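Comments concern the structure below.
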Amino acid sequence: ADKPAPFDQPEKVSIALVRYLSTGDFFQAYLTGAQEQAKALGVELRVLDSRQDAALQADMVDQAIALGVDGIVVQHGLTESMTAAVQRAVDAGIKVVAFDVDVQNDKVPQIEQSDRDLARLALEQAVKDNGEAFQAAYVYVPGIAPLDRRDETWKTFKGKYSGIEEVAQFGTLDNPIANSVANQASAVLRANPGVTVVFAPYDEFAKGVKIAVDEAGLSSDIKIYSADISTADIQAMREDPSAWVATAATNPQLIGEVSVRALAMLLAGEDPGHNVVVPPTLVTRDMLLESDIKNMEELSQKLPQFASTDVASPDWMPKVGE
Amino acid sequence: MTLAVRDLSIRYGFFVLLVALAVFFYAAQPAFLSLRSLIFVFQSVSITAILALGVTGTLVVGGFDLSIGSVAASSMMAASYAMVIWGWGTAETVALCIGFGLLAGLFNGVIIVYGRIPDLLATLGTMFLLLGLQLVPTAGRSIARGMTLPDGTTATGSFDPSFLSLGRARLFDVLPVSVVVMLALGVAIFVFLEFTRWGRVMYAIGSNQQASRLAGAPVERYKIAAYMISGGFASVGGILLAARVGRGDVSSGNSLLLDAVAAALIGFAVLGAAKPNAFGTLVGALFVGMLLQGLTMMNAPYYTQDAVKGAVLVVALLFTFSMTRPGER
Amino acid sequence: MTLAVRDLSIRYGFFVLLVALAVFFYAAQPAFLSLRSLIFVFQSVSITAILALGVTGTLVVGGFDLSIGSVAASSMMAASYAMVIWGWGTAETVALCIGFGLLAGLFNGVIIVYGRIPDLLATLGTMFLLLGLQLVPTAGRSIARGMTLPDGTTATGSFDPSFLSLGRARLFDVLPVSVVVMLALGVAIFVFLEFTRWGRVMYAIGSNQQASRLAGAPVERYKIAAYMISGGFASVGGILLAARVGRGDVSSGNSLLLDAVAAALIGFAVLGAAKPNAFGTLVGALFVGMLLQGLTMMNAPYYTQDAVKGAVLVVALLFTFSMTRPGER
Amino acid sequence: MIDGGPGGRTVLEIAGLERAFASNRVLKSVDLEVAAGEVVVLMGANGAGKSTLVKIVAGALRPDAGEMRLEGRPFAPARPVDAVESGLCVVHQQINDAVAADLSVAQNLLLDRLCSGKAGAFHTPRRARREADAIQAILGLSLPLDRPARDIPLADRQLVAICRALAEEPKILVLDEPTSSLSQREAERLFGIVEMLKARGVAILYITHRMSDIRRLADRIVTLRDGRITGEFRPPLDYEAAVTAMLGETIARGGAERRFGTEPVFAVRDLQLTHWSRPFSFALKAGEVTAITGLVGTGKSRLAEVIFGARRPAAGEMQLTGAPYRPKTSRAAIEAGVFMAAKDRATSSLVPAFDIARNLSLPFLKRRSRAGFIDRAVERRRARRTIADLSIVCRGEADAMATLSGGNQQKVVVGRWLSQASKLLILDEPFQGVDIRARGDIARRLRETAADRATLVLVTEIDEAVEVADRILVMSDHTIVGDHRAGRELDLARLVAEVAGEADHSSTRLESTAG
Ligand SMILES: Nc1ncnc2c1ncn2[C@@H]1O[C@H](COP(=O)(O)OP(=O)(O)OP(=O)(O)O)[C@@H](O)[C@H]1O
Ligand SMILES: Nc1ncnc2c1ncn2[C@@H]1O[C@H](COP(=O)(O)OP(=O)(O)OP(=O)(O)O)[C@@H](O)[C@H]1O
Ligand SMILES: [Mg+2]
Ligand SMILES: [Mg+2]
């Protein structure tokens, strides 16, 4: 009732979610969050999937403009292809927020899950568990923006702790990723028997490494540190034994909610700030076992900082589940 | 009489389907049938269509080119590398990329014709080769302005605005350049295949190579030329991709191969041709584009798009092909 | 004499290459040539090889199956869905998946044979169809124990340990089940194709469909059967994948397809067969597996693997094919 | 009901059979009977509907109306296998419909057994060899069983198809132009088999255009014209009347006047086809039709391919209009004015995806186009003219090749190379499957157009050589062993002896070497 315009008449508001990546649990959860938040606000949400076609994604922004939406959430994408398109939307008087893509525009708040923090949390845990000197294998595929950012942290870390020795680097995005990475990891583990830590800063990678470690019967000798989380990951970490001991993650559903909330604030004439950071949480195997967490819902219940955040939540904003 | 009906439905069944779909989408979402929307459909398929037109050339001589997706991706990387790292201008870059595409086609053609490797196999090899090689210069990184090179230095070049305009500018403020290129190449290859003697010989080779040779056709040269056309077109696709994306992105171009092949193969069904043909390929590409556009407008989840694409493909083709060769028994 | 040398190099050149590679990798990394390592190579290619063996069947009758990758992926999703959401046991789940694979093959076969759609086109349609459909039941989510369903409830089932052991257990503590399955299917299809009359008829159909029909072969049934074999094998691959990964993984990619096709096509070159054959397919798959395994052990970056795979593929095939049919002129 | 021939009991009865392709009525109420132990020869011009009839009987095509009875029981084969199982075997005209080129000869010999399910489940290569050997023994052949079928000559492929049919021990055997690519010797062997089967009481329906076959085998002749039975002839057989009934007119038989050219156009000197064969020389003159005859496999096609640039000779030289001629490709040969109509039309000449007009114009596209663009109107007009000149039976120049009968396809092949002036025209087995009138038509066209060019016709049948040629060369063992003037002074006995390889080889060097 006391919501600011235009949310006093939310059925007249429509927003668009223009996505670059869509296949996978992270993106699905993100979408769910965005949809739930839109429902809570009572606004219409159109989803435009470019399916990893950067050029198409830029066109889709234009399409959204043509459809006459009030606001746009850009989810992932390439700076180069999105900057101009977003500028056109801004010029057309449309409010835009961007998640995980830098569109180089002062008028566009950046929603971030802070990949650097994710990697830092996981690596700090690794140092805590294994000391400052160990042989590590690293799973990395360059050219993927979040992985590149996590890679920067890894480089910094190696610089800081000279005792950390990276003896092997591998990785692939061949589908199914977990299966292909498992094949690679088996080879790497046999070629480098001294490895005790595997840094796999993407849950698909970690899953694959875990399969290889299990198959080699090394579950108690090797520890896997990773980023991102899903119900399947929780199950994998909980297995007995499991080499996957810790992962740093932001709740993708929460990011979806925050993205829409930030956009709603813009539409209501408020300022969510230029960088809207959703802080990551470290999830360890011990935590999962102690609190008997079996899926994402339970994780949200038992780790409140994972479930919700005050980021971008003015008083009038209806929240999901309220 | 019944014959005429069948004949008509073979020839125009596909168009009826196209129109029916358009009407359906229009009913669901009137914005679907605007000029903007139409142009958007054209633009969204332009790169796929260009690749598909190229592969049509190899289909005509009875071959197949699985390497087009990776040729396009490599050409995109080459364009980005030339501009961002070497600081080349637009003209040289475009020449480099097309040269590269022709070379890749030449390679394919030579190992197929003189190495006698079956076409699927040879081009699959080339595909893997290029998928890997394109990442070597940057050690797997995407190429962007100001990127850090493997040797630690920072790239100083950037994309030339005139180059970027290839992907972004619009003719008369309406037609995107990539659509113009697609239409131009489409018309060119259509005229070439249908009306010139070289195109005729290509069809002859595809139908009976031995007979064509004994009728005086330099079969080897034609086949190699077909693969060069295919490679050249793919590299043009890559250039447009680079211009539109503005970056040598390692993951762009993944789905190009399958979508292009789908378009070229759907083209078989258009006008009841039952053979590879350039006009059909263009229509096939537009068909897929329209479908995806319509579904997006109706807010269908992304995964239904594949399913619907597949279903309509099967139904359309079932309809066309099961009628094409009548009463064999 | 020179003929004998050429003959030998055609027949055994591929093996020489294989041994040379093994020696090279061994020199670089002694861990490469252990029993474990060998078994691991087998394991890493088992799923690809099973798919490749299936596609060999369709190649033999002169067809092609582009849908195997998506059939395998769908079968993986089906297995996960049955266990995690319906709480089915191992036997029913395996039966369901294989049934599904056979059905997909039947569908392919019927639209190819009776719908007269060219095989590449028909199976491409099926591929897209399944890529989309497999995501519908879970609305695009991966399937894992305790997952939340689209309707908000939580899945109660879980993977049966006996099912998981299909992907994880080892016979006599040495041979992984998936390798056993691969070898068993390989031997079965090899014997079937080479030594039974049905296999011979399949080759006859592939070589001359009309002649086979006139000689009394029920060509339609054979072709449909070939696609069912292909679908069935792909679904077995999917089951093993689900058992290994322990999850119904949403994956849009087609790496499985391309690797399987590569293996089947490399098989052409083995023993100078120059035609699809089961033994060659297995060797082809092992070859690719060994290559990737060796390169990973040598810490080669991932992108060199594709390049080397492509290069070796091209060189091996150039070698074999350019010699296979001598003196045509 | 007519009582059967020498045997008696009627095996196959056909009544009121009809079949149309689209609006083209190919069979119009055909009645036919074949009795046990009888050879019925079905004669008909190209496109009369013979092969269509055969395909219906074999279960490869469905009739539109009419009924068939086999040994008194209704017979309506839905699939080829039904016919075979009822005891009716067919050797089809298109050899490519009978042989799978990639499979070994042994597999091809066993194809019926494998495909129709009579073989056991397991099929080892050794067992296959044994069975295949048994099958080829029926015709006393010794083919290379392990070679792929594509490597053996057309004639051998034809023999494979015949052997296979015989191996089924049929009650009725249908042979659709079985001798069209066989030489005399092999044909003789086939005749022996046919006679043996006849003695055993097998009914035989035999389709051919060769009068020699008919004279040798026929117990009864039935003629088919435009899809209707137009005559039935019993002993004593009146062959002339049969031909008239088949064509609907009498053909003028007067021997064409022989012409002997003067101007040498093309010459070979000391040419060696293979490194082991003996060199030979000859010259061809303008306005003259020269035939080379010889047994199958003696190198006639090889010679043609050498002249046409499709193959390299082992040694020797060639001259065209006085200048050295050394074509590297067929394209070079065509550009120099040397044309060749290859044998085995399905694999070497016809483009199945093209209509008649496009097939005719294929080698001459450059001349039919301006700035690369093909002039379709000219192409069509010229096609219509060729169709008229050679009386090709079709609905129009836009007909697809597959809808033409075998003989008419052959006319398209010949017509293609006659449609443009050349210096030397080589025709390799141009009369394969062509009816008697069409043969006359082709021969007449060859003569009419021969004025400025040399014409070389390669035929296995001596009859054909005698009919078309002004001069006959004999080839044996990859070399030329005889040179004859056709016409009255032809020494047929010597020619036959040379063909059989009994000639005095010292006479290899011919008097008429290049000037
Ligand atoms: N599949 C087809 N579609 C359309 N027309 C056909 C088809 N097959 C045959 N015909 C036509 O039917 C007629 C009879 O053909 P058929 O092959 O039976 O002749 P034929 O008597 O065997 O001649 P030949 O002596 O030349 O072999 C021809 O006019 C031919 O064009
Ligand atoms: N490379 C070779 N080595 C040995 N023999 C060969 C070779 N190539 C062909 N031959 C044999 O030489 C013979 C000549 O073949 P060719 O096709 O030239 O004969 P032809 O007289 O034209 O036969 P046809 O009468 O069937 O046209 C055949 O018996 C063939 O098997
Ligand atoms: Mg016929
Ligand atoms: Mg010959």
Side-chain angles (χ1 to χ4, degrees), chain A residues 22-29 31-32 51-52 137 139-143 167-193 204 207-208 210-212 214-216 230-236 238-239 253 293-298, chain C residues 29-32 34 36-37 40-41 43-45 47 69 72-73 76 135 138-148 150 154-155 158-159 167-168 170 176 241 244-259 289 292-303 305-306:
Chain A
S22 28
T23 307
D25 289 317
F26 184 96
F27 310 105
Q28 195 60 46
L31 177 65
T32 307
R51 311 205 295 164
Q52 219 171 339
V139 194
Y140 173 50
V141 172
V167 293
Q169 190 191 100
F170 60 101
T172 171
L173 291 174
D174 275 2
N175 275 296
I177 298 174
N179 188 55
S180 316
V181 169
N183 288 340
Q184 290 190 332
S186 295
V188 166
L189 294 180
R190 252 169 307 108
N192 304 286
E204 294 293 325
K207 176 80 192 161
K210 179 178 180 298
I211 291 171
D214 287 347
E215 282 170 359
S230 69
T231 296
D233 298 341
I234 294 174
Q235 293 295 343
R238 282 170 56 93
E239 270 172 35
Q253 191 166 336
I293 295 168
K294 293 187 292 294
N295 61 24
M296 292 291 278
E297 281 62 40
E298 291 175 7
Chain C
Q29 174 59 263
F32 182 78
S34 60
R36 280 179 62 116
S37 220
F40 177 70
V41 170
Q43 170 160 11
S44 71
V45 300
I47 292 167
M76 175 174 71
L135 298 181
T138 60
R141 292 176 183 78
S142 294
I143 303 174
R145 215 171 129 183
M147 73 176 289
T148 312
T154 300
S158 71
F159 281 91
R168 300 171 183 189
R170 283 160 186 258
L241 209 53
R244 187 171 193 211
V245 177
R247 173 172 85 161
D249 204 3
V250 292
S251 48
S252 63
N254 269 298
S255 313
L256 279 177
L257 168 67
L258 288 174
D259 283 348
L292 295 187
Q293 164 86 333
L295 287 170
T296 309
M297 281 199 159
M298 290 174 63
N299 234 350
Y302 79 100
Y303 51 86
Q305 304 196 353
D306 270 338

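To find a chain, count down the sequence lines: A is the first, B the second, and so on, and within it residues start at 1. Keep in mind that this is a model prediction, so the values were computed, not measured.
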Quick check on the interface: out of [options], who has the most heavy-atom pairs with chain C under 4.5 Å?
options                      : value
A:Glu215, A:Lys294, A:Gln184 : A:Glu215
A:Asn179, A:Thr172, A:Leu173 : A:Asn179
A:Ala178, A:Pro193, A:Pro142 : A:Pro142

Go through the atoms of [X] and report whether side chain, backbone, both or neither lie under 4.5 Å from a heavy atom of chain C.
X        : answer
A:Ser22  : neither
A:Ala236 : neither
A:Ala182 : both

Sub-4.5 Å side-chain heavy-atom contact between [X] and [Y]:
X        : Y        : result
A:Asp214 : A:Glu239 : yes
A:Val181 : A:Phe170 : yes
C:Leu292 : C:Ser44  : no
C:Leu256 : A:Pro176 : yes

Identify which part of [X] has an atom lying under 4.5 Å from any heavy atom of chain A, answering side chain, backbone, both or neither.
X        : value
C:Arg168 : side chain
C:Gln29  : side chain
C:Arg145 : both

Could you go through A:Glu298 and A:Ile234, starting from their C-alpha distance and side-chain angles, then the distance that decides it, and tell me whether this counts as side chain to side chain contact (heavy atoms under 4.5 Å, CB included)? CA-CA 10 Å; A:Glu298 291 175 7; A:Ile234 294 174; over 6 Å; no

Residue pair A:Ser180 / A:Asn183, side-chain donor-acceptor N/O under 3.5 Å: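 The criterion, which ignores hydrogens and geometry beyond distance, is not satisfied for A:Asn183 and A:Ser180.
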
CD1 on C:Ile143 to CG on A:Asp25, rounded to 0.5 Å: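 Nearest 0.5 Å value for the CG-CD1 distance: 10.0 Å.
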
Between C:Ser37, C:Ala31, C:Gly294, the one whose heavy-atom pairs under 4.5 Å with chain A are most numerous: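 The candidate making the most pairs under 4.5 Å is C:Ser37.
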
Interface residue of largest heavy-atom contact number with chain A, from C:Met298, C:Arg244, C:Arg247, under 4.5 Å: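 Between C:Met298, C:Arg244, C:Arg247, the count favours C:Arg244.
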
